[in-house]
Amino acid sequence: MVLEWEEHLLLLDAGVLFPTAEKPGVDFIVPDFEYLAERRGHMRGILLTHGHEDHIGALSYALAAAPAPVYGSRLTLGFARRRLQERGVRAELKTLRPGEPVEIGPFRVHPIRVAHSVVDSLALAIETPAGVVLASGDFKIDAQAKSEERTDVEALSEWGNRGVLALLSDSTNVEMPGLTDGEESVLPAFEEVLARTRGRVLVSCFATSIPRIQNVARLAATAGRPVAFLGRRMIDNTETALDLGLLQLGGISRLDPAALGDGFASRALVFVSGSQGEPLSALSMISLGEHRDVAAGPGDTVVLSARAIPGNERGVSRLISNLFRLGCDVVHPGTARVHVSGHGNRDDLVELLQRTRPRYLVPVHGEYRMLAQHARLAAQAGLPADRVLVAEDGDVLSLCANGARRETRVAAGRLLLDRGGASEIEDLVVRDRRHLSSEGIVVPIVVVDRQTGQLESPPEIVTRGIVDSAAAAELVEEASRILTGAMDGRPVEERLDSELTRERVRDELRRFYKRRTQRRPMVIPVVMEV
Ligand SMILES: [Zn+2]
Ligand SMILES: [Zn+2]
């Protein structure tokens, strides 16, 4: 999201989207920052609300489009710094602290502490010449949390008193009733697992869930278990948090991952990355019995302390089955209270609305259905319908002291990237991959005489992914016969044009396979002239 006043632009968060199985071979998706690139000279800053991948993962791409200073809390910048180093990108990083406003061009940005599943998360009240825009970031109220971790509701109320022009509020959990539970609510389930497990306890949560890692590490120490961290992201993030003093492991005995195979590590508690079933993660390797340092089995318990992100459900389910196959016990959010959301439920959202009393509400974060339901919730809470603006990617909202309206749209797409992240995958490539994976492929090899355009020999046809091999052989023979007939019956001028020949081969085989298999395989003719 971009906030714009005259020729001054602020970017709010720069995250990645994780692809679903409908995009084979795509590893992550970033926003198309063309809009920024066209206005590079006007970029004043990039504001980060918190350190989750869906808020900071595309930072290096945003900086490449339009360099600008990056603002965020200590932990957010700590995570961002590592990502930028990995990509060899430099940026000026400026720390935001709750209660300490910063001036950026014509904007004055006030960071406000909010509770979320990663510590050091911020809402941002941005004073603009048109009024105050308050972006909640991802948040829940969590009134029971420690004072340095809970949402600063007093500050939100103060902004309500001063007057908020527009509230941009998290919609992720709008379908959940009541208030979201506090982070502490997961502890009893962990205590129970620690008490009944004879062997090791492997805990897989998001590597950004620093408060949870802190709490569970303390429980492990109380239970006399040493702790260890496994997986690159888990190790990187906990080191960053330790450096900043946001994770404290004083008095807790720690093991090196390489020592986890030793006998004395048999009761360790290991934080492992891979709660989403990512194929190359430490937990996936363990579940397949292929991890270098850790073999899990009977007596061990694996706790999946995260919900599956939509699209990852099948991978996570497979992971759980593989762990059971090894003889482990597996505890997950479907069976025990080992995860609590970092996003506010309906009552949290209403509380934010009532404290900030904005003139306009713009529901953000979440799928369209959530934005739409957030708009209804606001109406129930008393905000007139014409004060709620539901916007999608590319929509431009124009706000001023005496009104708000939707302007024309601007181009705002997404780029599909593979693991290396260097080159863009075009939509066409993804469509082809999907076509191949669902329909298979047919490659006819046709050899013709350069002088006469006559077939030199019956066409050879190679197929993959269509029918089983015995039936395929018969089909291929039949296809070759039909193709021979079609080729021989053509007028000379068509026979001598290799482009027309290719076209004809494609048409004949498409029709043939459609008729015989009800499939539409991709047909790639190879025509050789001799
Ligand atoms: Zn988040
Ligand atoms: Zn988020």
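Note that these values count all heavy atoms, side chains included, but never hydrogens, waters or copies made by symmetry. Note that ligands are numbered from 1 as they come in the structure, with each ligand's atoms numbered from 1 the same way.
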ask   = Any N/O/S atom of H55 sitting less than 2.8 Å from the Zn ion (ligand 1), backbone or side chain?
value = no
task = Would you tell me whether D13 and T49 have side-chain atoms, one donor and one acceptor, within less than 3.5 Å of each other?
result = yes
request  = Taking the six-membered ring of Y35 (Phe, Tyr or Trp), confirm whether the NZ or CZ of R39 is under 6.0 Å from its centre and within 45° of its axis.
outcome  = yes
task = Could you check which N/O/S atom of H116 is closest to the Zn ion (ligand 1)?
result = NE2
inquiry  = Looking only at the side chains, is there a donor atom on one of S121 and H116 sitting less than 3.5 Å from an acceptor on the other?
reply    = no
task = Taking the six-membered ring for Trp and the single ring otherwise, decide whether the centroids of H55 and H365 are under 6.0 Å apart.
result = yes
ask   = Out of the N/O/S atoms in H52, what is the name of the one closest to the Zn ion (ligand 1)?
value = ND1
query = So, is H343 placed with an N/O/S atom under 2.8 Å from the Zn ion (ligand 1), counting both backbone and side chain?
reply = no
key: Apex the Zn ion (ligand 2); atoms D54 OD2 and D138 OD2; angle rounded to 10 degrees   = 150°
ask   = Mind checking whether H50 and H52 have parallel, tilted or perpendicular rings, split at 30° and 60°?
value = perpendicular
